2 protein chains.
Amino acid sequence: MSITSDVIRGHTEPIILAHLLEGDSYGYQINKEIMEKTNNLYELKEATLYTAFRRLEQAQLITSYWGDQEVGARRRYYSITSKGRDVYQEYKKDWENTKAILDTLIK
Amino acid sequence: MSITSDVIRGHTEPIILAHLLEGDSYGYQINKEIMEKTNNLYELKEATLYTAFRRLEQAQLITSYWGDQEVGARRRYYSITSKGRDVYQEYKKDWENTKAILDTLIK
DNA sequence: TCTATATACCTCACCTGTCAAGGTATATAT
DNA sequence: ATATATACCTTGACAGGTGAGGTATATAGA
């Protein structure tokens, strides 16, 4: 009982930003934790995740830096910016509005 | 304070089907009534509406027939099929699931 | 008479986010 | 040696939404 990509489209960015509010993290972990949070009902596909990172960084909502792993695969950590926090609040309001509108239309 | 197209993507079909549950209707009217229901917060764009009609008819979720206007512009009426009603119930569950998942991820 | 507005339909080209499929590299367990 | 897990990334195709454009009927106002 998974979720189709079309109903989630446009929510990828707020999902990532929300996660980064809890602290810096890296792609692989963000992906895993989103799956865990939703009991495997929703999985952000890797390609979707990384293209979203590019967009978010371009828009200066997040910044990135390489972790200093001395062992194992390298990690690129992401950090939410203050602009990112502001935009996240708007995304959150958008989601509340969307819910209200769709609850009106889908009965 | 409108709604972006990406967050609505994938909800066009359930919105139309939900409306047709109330009775047969035609494009122009469906559009107007959706605007009214949402206090002009959401407007289904015409191009979106008509391409959705094509998809829904192709999938046999709706059927269409010409109204018998003897005056004024012709109208093409749409009617939801029983298959359409079934699929609508699935769409509705999808929406409930989407809400639950996004409420978990967007705090 | 001409123009604007409302009703009512429709199509096409473009844009954008998603994702399957492919790739690279490190480390550990069998 | 091989498989699996971790961790990163890009590319090309796809599909739904939409701006812009078109057609036709009817009415109200200048």
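Values below: every heavy atom of this structure, side chains too, minus hydrogens, waters and symmetry copies. Numbered from 1 within each chain, the chains take letters A, B, ... in sequence-line order. Only a predicted model underlies this, so the values are computations on that prediction, with no experimental measurement involved.
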Asker: Taking only side-chain N and O atoms of T48(A), does any of them lie within less than 4.0 angstrom of OP1 or OP2 on dG17(C)?
Answerer: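 For dG17(C), OP1/OP2 do not have a side-chain N/O of T48(A) under 4.0 Å.
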Asker: Counting side-chain heavy atoms from C-beta on, which of dC10(C), dT18(C), dC8(D) comes nearest to Y50(B)?
Answerer: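 Taking heavy atoms from C-beta onward, the closest nucleotide is dC10(C).
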Asker: Distance only, no hydrogens: is a donor on one side chain within 3.5 Å (strictly under) of an acceptor on the other, for E57(A) and S64(A)?
Answerer: yes
Asker: Between K99(B) and E96(B), is there a salt bridge with N-O shorter than 4.0 Å?
Answerer: yes
Asker: Has Y28(B) got a side-chain N or O lying under 4.0 Å from the OP1 or OP2 atom of dC9(C)?
Answerer: no
Asker: Please identify which of these residues, Y28(B), F53(B), Y26(B), meets the ring-ring contact (aromatic ring centres under 6.0 Å, His included) condition with Y78(B).
Answerer: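 Per the ring-ring contact (aromatic ring centres under 6.0 Å, His included) rule, the option paired with Y78(B) is F53(B), out of Y28(B), F53(B), Y26(B).
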Asker: Please state whether the phosphate of dT7(C), meaning OP1 or OP2, lies under 4.0 angstrom from any side-chain nitrogen or oxygen of K32(B).
Answerer: yes
Asker: W66(B) has an atom CH2; how far is it from atom C1' of dA24(D), in whole Å?
Answerer: 11 Å
Asker: Take atom CD of E33(A) and atom P of dT6(D), then tell me their distance rounded to the nearest Å.
Answerer: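 Atom-to-atom, E33(A) to dT6(D), this comes out as 13 Å.
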Asker: Quickly work out the Q69(A) CD to dC8(D) P distance and round it to whole Å.
Answerer: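 Answer to the nearest Å: 9 Å.
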Asker: Below 3.5 Å, does any donor atom in the side chain of R9(B) face an acceptor in the base of dG17(D), or the other way round?
Answerer: no
Asker: Test your reading of the model: is there a side-chain donor-acceptor pair from T81(A) to the backbone of Q60(A), 3.5 Å cut-off?
Answerer: yes
Asker: May I ask you to verify if any side-chain N or O of T12(B) is less than 4.0 angstrom from the OP1 or OP2 atom of dG17(D)?
Answerer: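 Affirmative; the distance criterion is met.
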Asker: Let me spell it out: for each of A47(B) and A73(B), pick the nucleotide of DNA chain D with the closest heavy atom. Which residue's pick is nearer the 5' end?
Answerer: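 First, find each residue's nearest nucleotide; the 5'-ward one identifies A47(B).
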Asker: Rounded to whole angstroms, how far apart are CZ on F53(A) and C1' on dC8(D)?
Answerer: 11 Å
Asker: If each of E70(A) and A52(A) is mapped to the nucleotide of DNA chain C with the nearest heavy atom, which maps nearer the 5' terminus, i.e. the 5' end?
Answerer: A52(A)
Asker: By nearest atom, which of the nucleotides dT11(D), dT18(D), dA26(D) is closest to the T51(B) side chain?
Answerer: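 Closest nucleotide among those given: dT18(D).
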Asker: Classify the side chain of E46(A) and the base of dC19(C) as holding, or not holding, a donor-acceptor pair under 3.5 Å.
Answerer: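 When only heavy-atom distances are counted, E46(A) does not reach the base of dC19(C) through any donor-acceptor pair under 3.5 Å.
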Asker: If you only use heavy atoms from C-beta on, which nucleotide in dT7(C), dC19(C), dC8(D) is closest to the side chain of K45(A)?
Answerer: dC19(C)
Asker: Rounded to whole angstroms, how far apart are CG on L56(A) and P on dT18(C)?
Answerer: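 In whole Å, dT18(C) P and L56(A) CG are 10 Å from each other.
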Asker: Does R75(B) make a side-chain N or O approach to OP1 or OP2 of dA8(C) shorter than 4.0 Å?
Answerer: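 Result: yes.
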Asker: Does T104(A) reach the main-chain N or O of A100(A) with its side chain, forming a donor-acceptor pair under 3.5 Å?
Answerer: yes
Asker: Examine dC9(C): is either OP1 or OP2 under 4.0 Å from a nitrogen or oxygen in the side chain of Y26(B)? Give yes or no.
Answerer: no
Asker: Just how far, in rounded Å, is P of dT16(C) from NE2 of H11(A)?
Answerer: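 The answer, rounded to whole Å, is 19 Å.
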Asker: To the nearest Å, how far apart are I30(B) CD1 and dA8(C) C1'?
Answerer: 12 Å
Asker: Return no unless some side-chain N or O of R54(B) is found under 4.0 Å from OP1 or OP2 of dT11(C).
Answerer: yes
Asker: Looking only at side-chain N and O atoms, does R55(B) come under 4.0 Å of OP1 or OP2 in dA15(D)?
Answerer: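 Answer no for this pair, as no side-chain N or O of R55(B) is under 4.0 Å from OP1 or OP2.
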Asker: Among R9(B), H11(B), E13(B), which residue satisfies the side-chain contact (heavy atoms from CB on, under 4.5 Å) criterion with D6(A)?
Answerer: R9(B)
Asker: Report the distance from atom CD1 of I15(A) to atom P of dT18(C), rounded to the nearest whole Å.
Answerer: 9 Å
